[in-house]
Amino acid sequence: MRAVRQLNLLLCALGLSACQRCSDERKPAPKAVPLPTELDVPLSKGLTLPAREQRDSATGIGLPPACRIALPLHALSIGSRDVVFTSTRRQLSRLAILERSTDPVASAVYDFATGAAAPSPWLDASAPPPADFFADQWAYGMTRVAEGSVTAAAFWRAEAGAAFRVAGDQLQIADVACSDEDCAMLTTIARNTKAPGATLTWLSKPGSVDVAPEGDSDWEPLGILQVEADRGRAKVALHAPTRLQTWTVAAEGAALERSIDTPHGVYDAVQAARVLVLSPGLPPTKPCQEGGFPIQVHADGEKRAPIRASGPPDGVIARALGRGSVVAWVAPASCRLIEQRIVGLALLDAEGRQVGSTMTVTEAKGFALASDGSRLALWLRTREHIVHLTAECSL
C-alpha cells in the first residue's frame, strides 16, 4: 500500500516532473492506448525451503488473554538467509516468501498447514505484488508498460492468466482485495496525465470508476477497506500528507464518506464494525521517548485513546477480527534497546477501544498478519525461524 507514496516522495526529493501538478490548460489531449491482451509473467523457479518443524508449545510467545493459541505451531528454519514475506488478508496458512540473497531472487507461496509450496511471481525484492486469495489461489495485481509512460494494470492468476482492466500515465497498483465472489483493484488514477486520486476496477466486471477528491492535495490510494461484490460496491481509503478520506465506490460513481485529520501521516485503515484508521500520534521521526510511542486510533473519524507501542513502529498492520480488530506492529524494544525489535499486538472492540493491555508477542525482526472471522494468524521472523501460529480470539 505504501509503495506508491514512497516512490512519489523519492521523485519529489529528486525534483522530477512527476511530482509537479499540471494545470488543465497544460494537459495533453486525451489519447487512447489499447490495453495489452497478454501478460508474460515470469515465475520464480522455486525457493528451496526446509521441512517444517512442529512445536507443541507456545513458550516465549504472548497473546492477549482473549486469544487462545492453537497447537501445534509450525516453523521453518531459515538461519541467516535474507528472507522477506507477506500474507493476504484472510488466508490463515499461506505465506509468500522471497529470498533476497539468491541471484536471481527466488520466491514461493508456502502453505504452513500442509508443507506444500507453489510458484510465485514475486521477483522484485523491494515490494511484493499486491495480492489477495480468490477461488483457492492467489490473485495478483500486475502492471505492464503499454506505451511510453502509460502503464496497464491486470489481475493475474496462475490458472486463469491475465485480465487487463485499466491503463494510465505512470499507473501503479496500491491494493487488491477479494471476497468469495470477485476481486477489486485500486490503482493511482487512470488518466493520460498523472494526477491525484485513484481508480477502482473489478476482475469480473467491465469498466472502472475514478475517485477524484477536490482541492490541491496530493491524494493517493491507500487501500481497499471493504468489498461487496454482490452489490458491485467497495469502500476505499485515500491519503494526503495530513488527511485521509474514505469513499464508497459503485458503478454510478464515487461518494465521499468521511475526511479525517492525520497530521503525521497514516499507518493503515481497516473496516470492522466501524472504519478504523491507525496513524502516528507524534512525528515518526521524533526521537524515541520513554513511555512509548502513541499509535492514534480513529473510529469513524472519532479519536480513541492511543495504543502505546514500545517505540516508533517500523510497520503497523490492522485486520478485522470479529466485530473488532487486531493491530500489530514491529518496533524497538525500548529507547535503550533500539537495535532489538519486538512485535507488539493490541485488540480493539467494535467501538475502536482497546481491549486489555498491549502485548509483547516476542522478539522478532518482522511479521505478517491475517484474520478470518474470530481467528488470526501470525508469522514471526525470529532469529533463525519463521514461526507460524493461529489463535481464536473472543472480543
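- Side-chain atoms of Trp379 do not come within 3.5 Å of backbone N or O of Arg381 as any donor-acceptor pair.
- To the nearest 0.5 Å, the span separating CE on Met359 from OG on Ser357 amounts to 6.0 Å.
- Annotation for Arg157: atom CZ counts as buried by contact number, over 12 foreign heavy atoms lying within 6.0 Å.
- Screening Thr199, Ile173, Leu171 for a side chain to side chain contact (heavy atoms under 4.5 Å, CB included) with Thr188, the sole residue that qualifies is Leu171.
- Among residues two or more places apart in sequence or in another chain, the side chain to side chain contact (heavy atoms under 4.5 Å, CB included) test is passed with Arg68 by none.
- The two residues Gln271 and Ala320 come nearest to each other via the heavy atoms O-CB, 3.6 Å.
- The heavy-atom pair separating Phe367 from Gly315 by the smallest distance is CE2-O, 4.2 Å.
- Counting only heavy atoms from C-beta outward, the side chains of Cys335 and Glu290 approach each other to under 4.5 Å.
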Report task. For Gln296 and Lys303, run side chain to side chain donor-acceptor pair (under 3.5 Å): C-alpha distance rounded to whole Å, both residues' side-chain angles, the deciding distance at 0.1 Å, then the answer. Result -> CA-CA 7 Å; Gln296 183 60 58; Lys303 281 189 176 182; 4.9 Å; no
**Report entry** Criterion side-chain contact (heavy atoms from CB on, under 4.5 Å) on Leu222 and Leu238, from CA distance to verdict
**Finding:** CA-CA 5 Å; Leu222 178 70; Leu238 277 66; over 6 Å; no
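- Closest approach of Pro128 and Thr86 over heavy atoms only: CB-CG2, 3.7 Å.
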Requested in this report: Could you check Arg55 against His385 for side-chain contact (heavy atoms from CB on, under 4.5 Å), going step by step and ending with a plain yes or no?
Outcome: CA-CA 12 Å; Arg55 298 185 178 182; His385 294 83; 3.5 Å; yes
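- With side-chain heavy atoms closer than 4.5 Å counting as contact, directly or through intermediates, Val145 stands alone and belongs to no larger hydrophobic cluster.
- The distance from the CD1 atom of Ile260 to the NE2 atom of His239 is 13.5 Å, given to the nearest 0.5 Å.
- No donor-acceptor pair under 3.5 Å is formed between the side chain of His388 and the backbone N or O of Asp111.
- Considering only heavy atoms from C-beta on, Gln354 comes within 4.5 Å of Thr358 through its side chain.
- Around CD of Glu214, the count of heavy atoms belonging to other residues, nucleotides or ligands within 6.0 Å does not exceed 12.
- Remark: side-chain polar atoms of Ser107 are not paired, donor with acceptor, to backbone N or O of Leu123 under 3.5 angstrom.
- With hydrogens and angles disregarded, no donor-acceptor distance shorter than 3.5 Å links the side chain of Ser87 to the backbone of Ala368.
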Query - Verdict with reasoning, Thr246 to Val236, per side-chain contact (heavy atoms from CB on, under 4.5 Å) - result: CA-CA 6 Å; Thr246 58; Val236 304; over 6 Å; no
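- Between Arg191 and Asp210, at least one side-chain N (NZ, or NE/NH1/NH2) sits under 4.0 Å from a carboxylate O, which counts as a salt bridge.
- Under the 4.5 Å side-chain heavy-atom criterion for grouping Ile, Leu, Val, Met, Phe, Trp and Tyr, Leu92 is not connected to Leu321 through any hydrophobic cluster.
- Hydrophobic clustering (ILVMFWY, side-chain heavy atoms < 4.5 Å, transitive): Val343 and Leu389 are in one cluster.
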Query raised in the report: salt bridge (charged side-chain N to carboxylate O under 4.0 Å, His left out) between Lys365 and Asp314: does it pass, once the steps are laid out?
Result: CA-CA 10 Å; Lys365 301 176 182 178; Asp314 296 329; over 6 Å; no
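- Applying the under-4.5 Å side-chain rule to Ile, Leu, Val, Met, Phe, Trp and Tyr, the cluster around Tyr140 extends to Leu35, Leu39, Val41, Leu43, Val109, Phe133, Trp138, Met142, Trp156, Phe164.
- Here the CG atom belonging to Leu63 is positioned 7.5 Å from the CD1 atom belonging to Ile61, to the nearest 0.5 angstrom.
- For the residue pair Leu76 and Pro50, the shortest heavy atom distance occurs at CD2-O, 3.5 Å.
- Counting only heavy atoms from C-beta outward, the side chains of Thr248 and Arg233 approach each other to under 4.5 Å.
- No donor-acceptor distance shorter than 3.5 angstrom exists from the side chain of Ser208 to the backbone of Leu200, with no hydrogens or angles considered.
- By the 4.5 Å heavy-atom criterion applied to side chains, Glu302 and Glu351 are not counted as neighbours.
- No path of Ile, Leu, Val, Met, Phe, Trp and Tyr side chains, each step under 4.5 Å between heavy atoms, connects Val387 with Ile78, placing them in separate hydrophobic clusters.
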Query - Verdict with supporting geometry, Leu98 and Phe85, side-chain contact (heavy atoms from CB on, under 4.5 Å) - result: CA-CA 6 Å; Leu98 177 140; Phe85 50 81; over 6 Å; no
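- Side-chain atoms of Leu348 and Leu276, non-hydrogen and from C-beta on, do get closer than 4.5 Å to each other.
- With rounding to the nearest 0.5 Å, the separation of OG1 in Thr151 from CD in Gln172 is 8.0 Å.
- Annotation: side chain of Leu380 is in contact with side chain of Thr362 (closest heavy-atom distance under 4.5 Å).
- Although no hydrogens or angles enter the test, the distance criterion places a donor-acceptor pair under 3.5 Å between the side chain of Gln91 and the main chain of Arg94.
- Cluster membership for Ile189 and Ile224, using ILVMFWY side-chain heavy atoms within less than 4.5 angstrom, is not shared.
- Residue His264 comes nearest to Pro280 through the heavy atom pair O-CG, 3.4 Å, listed as atom of the first residue, atom of the second, then distance.
- The shortest heavy-atom contact between Ser44 and Pro119 is O-CB, 4.5 Å.
- To the nearest 0.5 Å, the span separating CG on Leu278 from CZ on Arg304 amounts to 13.0 Å.
- Counting heavy atoms from C-beta outward, Trp329 and Ile317 have side chains that stay 4.5 Å or more apart.
- Looking at heavy atoms from C-beta onward, Asp182 lies in side-chain contact with Lys205 at the 4.5 angstrom threshold.
- Ser334 places a side-chain N or O within 3.5 Å of a backbone atom of Arg336 that can act as its donor or acceptor partner.
- Distance alone, capped at 3.5 Å, is enough to place a donor-acceptor pair between the Arg52 side chain and the Phe112 backbone.
- Hydrophobic clustering (side-chain heavy atoms under 4.5 Å, transitive across Ile, Leu, Val, Met, Phe, Trp, Tyr) keeps Ile338 apart from Ile342.
- No side-chain donor-acceptor contact under 3.5 Å links Arg165 to the backbone of Ala152.
- With Thr262 contributing its side chain and Val266 its backbone, the two residues share no donor-acceptor pair below 3.5 Å.
- Defined by atom type and a distance below 3.5 Å, a donor-acceptor pair is missing between the side-chain atoms of Asp169 and Thr193.
- Under 3.5 Å, the side chains of Ser394 and Glu392 contain no donor-acceptor pair of N or O atoms.
- The structure places CZ of Arg353 at 13.5 Å from CD1 of Ile307, a figure rounded to the nearest 0.5 Å.
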Query raised in the report: Hey, mind stepping through Arg341 and Glu363 against salt bridge (charged side-chain N to carboxylate O under 4.0 Å, His left out) and telling me if it holds?
Result: CA-CA 6 Å; Arg341 289 294 191 267; Glu363 180 181 349; over 6 Å; no
